[in-house]
Each structure stands twice: as C-alpha cells, then as structure tokens.
2 protein chains.
Amino acid sequence: MYHSEKMLREKGIKVTPQRAAILDVLRDTREHPGVEVIYQRVKKQFPSISLATVYKTVELFVRSNLIQELCLTGDVSRYDARVESHPHVACMNCGKVEDIDNFDMEYIIEPAEQATGYKILKEEIMYFGYCGDCKGVMDN
Amino acid sequence: MYHSEKMLREKGIKVTPQRAAILDVLRDTREHPGVEVIYQRVKKQFPSISLATVYKTVELFVRSNLIQELCLTGDVSRYDARVESHPHVACMNCGKVEDIDNFDMEYIIEPAEQATGYKILKEEIMYFGYCGDCKGVMDN
DNA sequence: ATATAACTGAAAAACATTATTAATTAGTTT
DNA sequence: AAACTAATTAATAATGTTTTTCAGTTATAT
Ligand SMILES: [Mn+2]
Ligand SMILES: [Mn+2]
Ligand SMILES: [Zn+2]
Ligand SMILES: [Zn+2]
C-alpha cells in the first residue's frame, strides 16, 4: 500500500514490498494475528515469501515500535498495529484475541515505576476467559 | 515437604514425591521460574527426574489452579504459586519477573465481562521494562 | 549507472513442547 | 500384609516453533 511505506520510511527502515505487505496486513485487521496467519495472508500477494522473513520482520517492527507483541499462555505471540497500551481479552478455547473498547482503564506506569524501581516501557493488560461463541460449548 | 502434599491431596491429585517437590520449589521462591529452572532445582533432590515430568506436572497444576502461568513476550512461560491476580513487572534485559507489592490496583473482571460478553476467569497485568540492575547498562 | 550494505528465501539448526511406551509406583481392595 | 489396578515416571522420539546461515537479490545513496 501507500501509507505503510511512508511509516517505514519515517522509522528509517528500508522499504521492501514484503515489509510493506506485512505492515498492511497488521494495519488492516483487528484480529491480532500470529506469524503463521500473517504469512498466509502476505503469501497471496507474494507467493514466494518465506516464513523466516515474517519472523524477522515482525521482530524489526516491534523493536521500531511500529507494532506491539502480545503474549498468551500456551499460544504463539500475536501482533497488533495499535501500539498504544490498551486492554485485550483472549478466548482460552478458540484463541481469539480482541480489543476491549469503551472500557475505562487507568494506566499507571509512573506509580509502577516508583513501586518497583524499574524503567517501565509498556503495560500489558490481558483478560483470559471464554468468548460468547465458546462459553456455552465448554466441555467438562 | 509436608504442606504441599496436603495441597495435592485436597485437589484430588495423586501424590508423588516428584509432584510434591515441584510444588515445593514453586512455593519456596518468589522468582517465578520457568520449567528449566524448576527442573534443575528438583534434580538436586531427584537426580533422575525428567524434564517431561516437569512439563506435565506444571500443566496439571495450572489446570488444578495450584499455580498460575505467566507469559512473557519472547521468553518461556513462568510459574507462580500465588494464584490470586496480582501485578508483575518483567525486565526485558535479564528476564527477571517480580511481584509488585504495596501497589493499589483495581481488579475489574465484572466490567470487563460486561464490555466483552466473555466469561472471564483471569486478569493478567504485566509491566515490561528494565530493572534497577539493567537500566543503567542498556546498550544502544 | 554503479556501489554497497541490507534484505530475501531456502535450508539447516536450535530450541521448546508434546506424545509414546515400558517399567514403576500410589492408592485401593482383598 | 500382599495383590491389584490405574496412574505416573523416565527416556526417547516426534512435533512444533523460532533463529541462524548464506548465496543471491534488491533498495538506496552517490
Ligand atoms: Mn489490540
Ligand atoms: Mn507473582
Ligand atoms: Zn472462543
Ligand atoms: Zn534486569
């Protein structure tokens, strides 16, 4: 696309079609996909892209703060083009990860720094449970 | 130990020396160790224990709510014998994970359920940054 | 246009986790 | 207390995930 290329340039990252396509995928979805899903989508446009390129690229993007990495117990890392702190909810059955919108959350990085002595860069708030589709169908 | 065996029995889990030792390790530390560290410690007492046993046991303990699993971007899962929700801070350099004590946190599972329609079981709050030892020594 | 440093794709390697299985063990029943 | 049985263990293999390596290609600066 067009705006993704501009974002890469602004971060001083060399622009390649693969990188722009990966950033496009992440900017076009609210699904918080993992590397395999990103790979499958970019493949439609670049059939010869390698999974290793996807791994290397998301790592670069995380380092550059173009995307953020979310981690889930017992699943692969998921990626999000919204880089500001915002709460998520993950379904422990189907693996869906969603933003929680219209939800008042206090972000309290400074008090956490004072309580811990750490230099804190990021706050991650993740709720785990069962989504509307899965909570009825829970075996056991 | 003694109390760990009782905890296993109360959960209806068959008591074995390996299981009691693994629970002891987790109840005796505030380090939030991963499987490899747990394995090395239990090995002192049971030199023939297998890493696969540690994997299976922590999975069983998480399912039974004897321990909780914490996940960190770019690291293995870590385990915690304190099962109630409490905030953590992780050092992105040395991998240390600490509890944040004396820290007022509002736990808001019900509002999150209302905002999402999920049945929520667990809330995880993780701060990422650099610990006192590491924040001075950050290269680049 | 040319140069060059960085990037890609492919494959191998490293690392993490799960599955399999024969022998052992915990907890129960005689 | 001995026997029984189902579950657990240790070892290994299998699987899955992520990183490394490297030869060839490409993006950017000159
Ligand atoms: Mn998000
Ligand atoms: Mn803790
Ligand atoms: Zn679901
Ligand atoms: Zn540190």
Side-chain angles (χ1 to χ4, degrees), chain A residues 1-2 4-25 33-64 66-67 69-79 95, chain B residues 2 4-25 33-64 66-67 69-79 95 140:
Chain A
M1 226 177 250
Y2 165 75
S4 289
E5 291 192 15
K6 192 174 147 204
M7 290 175 74
L8 293 171
R9 247 180 274 279
E10 277 166 7
K11 292 283 181 180
I13 293 172
K14 193 187 269 195
V15 176
T16 70
Q18 291 90 339
R19 286 175 174 177
I22 290 168
L23 190 51
D24 282 347
V25 165
V35 277
E36 185 63 37
V37 170
I38 299 169
Y39 174 59
Q40 293 304 334
R41 293 199 187 154
V42 175
K43 233 177 161 172
K44 291 174 191 161
Q45 218 186 327
F46 296 95
S48 73
I49 194 172
S50 162
L51 186 55
T53 298
V54 178
Y55 272 102
K56 280 182 279 203
T57 303
V58 295
E59 195 216 329
L60 171 69
F61 287 0
V62 170
R63 267 200 327 257
S64 311
L66 277 170
I67 65 176
E69 183 174 4
L70 306 176
C71 68
L72 306 172
T73 48
D75 193 4
V76 298
S77 286
R78 311 280 287 259
Y79 299 91
Chain B
Y2 165 75
S4 290
E5 291 193 16
K6 193 174 147 203
M7 291 175 74
L8 293 171
R9 248 180 275 276
E10 279 167 6
K11 293 281 182 181
I13 293 172
K14 195 185 268 196
V15 176
T16 69
Q18 292 89 339
R19 286 174 175 176
I22 289 167
L23 190 51
D24 283 346
V25 165
V35 277
E36 185 63 37
V37 170
I38 298 169
Y39 174 59
Q40 294 303 334
R41 293 200 187 154
V42 175
K43 232 176 163 173
K44 290 174 190 160
Q45 219 184 326
F46 296 95
S48 72
I49 196 172
S50 162
L51 185 56
T53 298
V54 179
Y55 272 103
K56 278 183 283 204
T57 304
V58 296
E59 195 216 330
L60 170 69
F61 287 179
V62 170
R63 267 200 326 260
S64 311
L66 278 169
I67 65 176
E69 184 174 2
L70 307 176
C71 68
L72 307 172
T73 48
D75 192 4
V76 298
S77 285
R78 311 281 286 259
Y79 298 92
N140 166 277

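The chains referred to below are lettered A, B, ... by the order of the sequence lines, with proteins before strands, and numbering in each begins at 1. Side chains included, hydrogens not; waters and symmetry mates left out as well; all remaining heavy atoms used.
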When rounded to the nearest 0.5 angstrom, what is the spacing between [atom1] in [X] and [atom2] in [Y]?
| X | Y | atom1 | atom2 | result |
| --- | --- | --- | --- | --- |
| A:K43 | A:I38 | NZ | CD1 | 14.0 Å |
| B:T16 | B:E5 | OG1 | CD | 9.5 Å |
| B:I67 | B:I22 | CD1 | CD1 | 9.0 Å |
| A:E69 | B:T73 | CD | OG1 | 5.0 Å |
| B:S64 | B:E10 | OG | CD | 12.5 Å |

Heavy atoms, side chains only, cut-off 4.5 Å: are [X] and [Y] in contact?
| X | Y | value |
| --- | --- | --- |
| A:L66 | A:L60 | no |
| B:V76 | B:E36 | no |
| A:D24 | A:V42 | no |
| B:R19 | B:I13 | yes |
| B:V35 | B:Y79 | yes |

Query raised in the report: B:R9 or B:D75: which one's nearest nucleotide on DNA chain C is closer to the 5' end?
Result: B:D75
Query - Earlier contact from the 5' end, DNA chain C, for B:V76 and B:V15 - result: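 On the 5' side of the pair lies B:V76.
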Report task. Heavy atoms under 4.0 Å is the rule here; annotate nucleotides 7-16 of chain D 5' to 3' with B where the base is hit, S where only the sugar-phosphate is, and - elsewhere. Result -> SSBBBB----
Report task. Walk along DNA chain C from 5' to 3' and tell me the first and last nucleotide with an atom closer than 4.0 Å to a non-hydrogen atom of chain B. Result ->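 With heavy atoms of chain B under 4.0 Å away, the range is C:dA16 to C:dG27.
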Report summary line: Axis-to-axis angle for the helix from C:dA1-D:dT30 to C:dT30-D:dA1, ends of five pairs each, to 10°, equals 40°
Query - Interatomic distance, B:Y55 OH vs D:dT17 C1' [rounded to whole Å] - result: 12 Å
